Amino acid sequence: MSPMEPRPDDLVQPVNKPSIECAIEDASQLRSPTVSSEEFVQFKRKATTIVEEYFSTDDVAATANELRELRVPCYHYYFVKKLVSVAMDRHDREKEMAAVLLSSLYGDVIDRPQVYKGFGKLTESCDDLSVDTPDAVDILAVFVARAIVDDILPPAFLAKQLPCLPDGCKGAEVLHRAEKSYLSVPHHGEIILQRWGGSKSITVEEAKAKIADILEEYLAAGDRGEACRCIRGLKIPFFHHDIVKRALTLAMERSGAAEGLILDLLKSASDEGVINESQITKGFNRLIDSVDDLTLDVPNARRLLKSMILKASSEGWLCASSLKPLGPEPKKAVVEDDAAVRQFKAKALSIIKEYFLTGDIIEVVSSLEAENYACSSYNAIFVKKLITAAMDRKSREKEMASVLLSSLCMPPEDVVSGFHLLIESAEDAALDNPAIVEDLTMFFARSVVDEVIAPSDLEAMEEDAGQGKSRVSTGMLALRNARTLLGAKLSAERILRCWGGGGSGKAGWELDDVKDKIGKLLQEYDCGGDIREACRCIKELGMPFFHHEVVKKALVAIMEKRGKDERLWGLLAECYSRGLITPNQMTKGFERVAGCVDDLALDVPDAGKQFCCYVDRAKKGGWLDASFPSGVCS
């Protein structure tokens, strides 16, 4: 396409809106299409025809084939927009048909990012849609809620799309109404599914009962053909994931011959197109999410599920790589004596107060280790106490709390457990701290920037916080705000200096400034500087959570000299012995070098071999844990 050639309105173009990335889950799949404008115009014309034919025939399979044959998946978002916008101006029958079609095409024909983008376009154009459809806001809100209930649109869409819409627009009303009027009410799933009549007015509970009857009859008679016919007869393709989940659960509960029968049924349903790949994957993922609860009734549930995943993938009707990770065996809950817990809480407060006075991280680590407080439950309590104490103080203490949290090297799951305790107590804490939402938002966001927890942990925490709640809680609001904040451009720099950076009054420093200062002080030391002066400069940076950059730059410089001058290695040894660089920061530094060894090898051919030697030396010196992967050196 020539630069002067006009683009159609719906092509992806640069938009002058803040944090446009927040409206796109997978930007790599939503880049500007490379096909011509004429091809897009043809796609729009054909998409309109396909939509009209579908409303006449109600043939999901034929519609899927026609859309697939167009072979332009980068424009499927327009099909989503067109389908919904046409249905909005029709009767409830067509609205229900549109919802069912989207759920059926999801995953197999239309990718998740395209569905996401299609609904984003709908909210952006809601003002125009309202001209022809006066109740467009309410209808589109139901479509958005239905897409979330059908698991084709993530709940996070509401929070991510809102900042990308102009204030006061009808698209924003759609998102608010979807959340407040539909998704937050009791039994919202059943209400939303029945809003337009559903599948012959069958309720969710009735559907589940029929599914249970079909599976029981199948296990008794073993007739796969009859079972598949009954599944088709339900006419709820968007709910087939529940069949998969219930069938697998039944197989695990009955075991023995039942497992073989169930796997045969699911394979046949997949081969015959009764249950599509997306619904099978969704069913397995739902079971993965609930397998820990299932272990209460079926102790070996995890092992059985792993076995069924292996068999299904080997037979070719399940793509194991598209499943959620099953994860490690959950730790057994430690039941602590009340007196012991009270004693730890008192000790933790004493340690935290002392830390706020001295800023001595090593002393905190030593105190916790000396008292043998290293179990998960105690870690979670310490996290809660630390942040609660910091929220009652000034920015200096808040910054110190974040730095300490980053330096303690606690398992991420323990930190998440501590955050859960904070969320549970947030409503009560709000009585004494009116700014608790803002404080928790920054602590959650900072923990992600400092790599204490992963971004996915925030999403999981938000889902857990929202379960069984009819309104948005204080903790849930803080989690949403944190995720929105992290999605903004240059968010890391703003979050790192929100409390002044290291409690040292160095507000306004950006990461590039810090990197530049680290590079210069290492260069000065390497040219004959004093080791004590170098350590003093590193300490005065006031950013102990960023000392992994010192490790990385020093290692790269040593490797570029091919080990001929190891003054910088001596500096790392001195910093580690003084506690200036913590084990966590040392490990992060080595991990970052491991990630760029291939690039470094372009200038230093033996970079991989050198790095392997330095990893071994670091392990012998106690800088790295023996479990640090040696594979990065190969």
Side-chain angles (χ1 to χ4, degrees), residues 8-10 15 17 23 44-45 47-58 63 75-103 105 110 114-150 152-153 155 157-199 201 238 470-472:
D9 292 339
D10 287 292
V15 181
K17 287 183 181 179
K44 291 172 70 175
R45 189 183 307 116
T48 302
T49 302
I50 292 173
V51 169
E52 294 293 346
E53 288 181 355
Y54 169 66
F55 286 143
S56 299
T57 64
D58 195 14
T63 304
Y75 287 142
H76 282 173
Y77 72 89
Y78 177 80
F79 180 83
V80 175
K81 178 185 175 185
K82 188 66 179 179
L83 175 67
V84 173
S85 59
V86 171
M88 288 172 64
D89 202 29
R90 307 243 179 146
H91 298 295
D92 284 353
R93 171 183 174 274
E94 284 80 7
K95 294 182 180 72
E96 177 65 22
M97 287 173 64
V100 170
L101 179 62
L102 285 178
S103 184
L105 298 181
I110 303 179
Q114 292 291 319
V115 173
Y116 194 103
K117 185 181 179 185
F119 275 94
K121 291 287 185 183
L122 283 163
T123 58
E124 291 171 7
S125 60
C126 189
D127 290 283
D128 296 331
L129 293 171
S130 298
V131 175
D132 299 320
T133 310
D135 54 347
V137 170
D138 188 66
I139 296 173
L140 188 51
V142 178
F143 267 112
V144 171
R146 174 65 177 267
I148 291 174
V149 168
D150 285 346
I152 67 173
L153 197 64
F157 173 82
L158 301 175
K160 287 185 177 181
Q161 183 66 11
L162 189 59
C164 304
L165 298 171
D167 292 337
C169 71
K170 292 188 181 297
E173 289 183 44
V174 168
L175 300 178
H176 286 305
R177 186 168 299 186
E179 180 177 9
K180 303 293 184 184
S181 301
Y182 295 108
L183 294 171
S184 297
V185 300
H187 309 295
H188 65 270
E190 184 171 328
I191 293 171
I192 293 168
L193 288 173
Q194 291 302 309
R195 177 59 185 264
W196 296 315
S199 300
S201 298
F238 54 86
S470 59
R471 66 182 185 85
V472 179

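Treat the numbers as computed from the prediction; the structure is a model and nothing was measured.
Between V115 and L102, the closest side-chain pair of non-hydrogen atoms is not below 4.5 Å. Side-chain contact between K117 and K81 is absent, with no heavy atoms from C-beta onward closer than 4.5 Å. Put simply, the side chain of F157 reaches to within 4.5 Å of the side chain of T123, judged on heavy atoms. Looking at heavy atoms from C-beta onward, L83 lies in side-chain contact with F55 at the 4.5 angstrom threshold. The closest side-chain heavy-atom distance from L162 to H176 is below 4.5 Å. Here the side chains of L183 and I192 are in contact, with some heavy-atom distance below 4.5 Å. Contact of the V137 side chain with the I139 side chain is not registered, since no non-hydrogen atoms from C-beta on lie closer than 4.5 Å.
Considering every non-hydrogen atom in both A141 and A178, the closest pair reads O-CB, 3.6 Å. The two residues C126 and V174 make their nearest non-hydrogen contact at SG-CG2, 3.6 Å. Closest of all the heavy-atom pairs between D127 and C169 is OD2-CB, 3.6 Å. Taking both residues in full, the closest heavy atoms of A147 and F119 are given as CB-CZ, 3.8 Å, listed atom of the first, atom of the second, then distance. Closest heavy-atom contact between Q114 and H76: OE1-N, 3.5 Å. Of all heavy-atom pairs between R195 and D92, the closest is O-OD2, 4.3 Å.
Under the 30°/60° scheme for interplanar angles, the aromatic rings of F143 and W196 are found to be tilted.
In this structure, the separation between CG on D89 and OG1 on T133 is 4.0 Å, given to the nearest 0.5 Å. The distance from the CD1 atom of I191 to the OG atom of S181 is 11.0 Å, given to the nearest 0.5 Å. Atom CG of L105 sits about 7.5 Å away from atom OG1 of T63, to the nearest 0.5 Å. The distance from the CG atom of L140 to the OG atom of S125 is 8.0 Å, given to the nearest 0.5 Å. For the atom pair I110 CD1 and F79 CZ, the distance stands at 6.0 Å (nearest 0.5 Å).
Side chain of Y182 to main chain of V144: no donor-acceptor pair is present (N/O by atom type, distance under 3.5 Å, no hydrogens or angles). Remark: the backbone N or O of H91 is paired with a side-chain donor or acceptor of E94 at under 3.5 angstrom.
Ionic pairing of E52 and K82 is not present here: no N-O contact between side-chain nitrogen and carboxylate oxygen is shorter than 4.0 angstrom.
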Does the pair L129 and L122 meet the rule for a side chain to side chain contact (heavy atoms under 4.5 Å, CB included), with working shown? CA-CA 9 Å; L129 293 171; L122 283 163; 4.2 Å; yes

Between V100 and R146, is the side chain to side chain contact (heavy atoms under 4.5 Å, CB included) condition met? List the steps. CA-CA 10 Å; V100 170; R146 174 65 177 267; 4.1 Å; yes

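The salt bridge (Lys or Arg N to Asp or Glu O under 4.0 Å) test with D138 is passed by exactly one of K95, K170, R177: R177.
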